[in-house]
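Just so you know, these numbers come straight off a predicted model, no measurement behind them.
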Amino acid sequence: MDEFNRLVSEQMVTMEKLLFLQAELERCQEIEAELLALQEETDLESIQADIQLMKKELKEIQAIFEKQTEEVIDSYREMNLTPSS
């Protein structure tokens, strides 16, 4: 009976270690998932900032293009209104 009790006691200690390690592993995996999500969120914020910058630059270029188009049209009109020699 003493041998049986000793074996059961050892098994209980092993089981406690097993349960502890399983709980720690799950906890660490949850932390890992949270860190990955935060990293992705940081990347997303960076990409969103880039998009906003490109949209601003695009608007500026569109405005320049529109101004150049107006200048071309005005120049063409002046050319056609001025009699050529």
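- Residues Leu35 and Glu32 are not in side-chain contact: their nearest non-hydrogen atoms beyond the backbone lie 4.5 Å or more apart.
- Within 6.0 Å of CZ on Arg6 lie more than 12 heavy atoms contributed by other residues, nucleotides or ligands.
- Looking at heavy atoms from C-beta onward, Asp43 lies in side-chain contact with Gln39 at the 4.5 angstrom threshold.
- None of Asn80, Asp74, Ile73 except one satisfies the side chain to side chain contact (heavy atoms under 4.5 Å, CB included) rule with Tyr76; the exception is Asn80.
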(request) Apply the test salt bridge (charged side-chain N to carboxylate O under 4.0 Å, His left out) to residues Glu24 and Arg27: give CA-CA distance (whole Å), side-chain angles for both, the deciding distance (0.1 Å), then the verdict. (result) CA-CA 5 Å; Glu24 279 298 294; Arg27 185 183 70 81; 3.0 Å; yes
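- In this structure, Met15 CE and Glu10 CD are separated by 14.5 Å, a value rounded to the nearest 0.5 Å.
- Side chains of Glu40 and Leu44 form no contact here, defined as non-hydrogen atoms less than 4.5 Å apart.
- Hydrophobic clustering (side-chain heavy atoms under 4.5 Å, transitive across Ile, Leu, Val, Met, Phe, Trp, Tyr) groups Phe4 together with Met12.
- The distance from atom OG1 of Thr14 to atom CG of Leu19, rounded to the nearest 0.5 Å, is 11.0 Å.
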Gln22 vs Leu18, side chain to side chain contact (heavy atoms under 4.5 Å, CB included): CA-CA, chis, key distance, verdict: CA-CA 6 Å; Gln22 283 179 334; Leu18 176 75; 4.3 Å; yes
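- Side-chain atoms of Thr42 come within 3.5 Å of backbone N or O of Leu38 as a donor-acceptor pair.
- With rounding to the nearest 0.5 angstrom, the CD1 atom of Ile61 is 10.5 Å from the CD atom of Gln68.
- Distance NZ/Lys55 to CD1/Ile51: 7.0 Å, rounded to 0.5 Å.
- When each of Glu60, Met54, Lys59, Gln52 is checked for a side chain to side chain contact (heavy atoms under 4.5 Å, CB included) with Lys56, only Glu60 meets the rule.
- In the hydrophobic clustering, Met1 connects to no other residue, as no ILVMFWY side-chain heavy atoms lie under 4.5 Å from its own.
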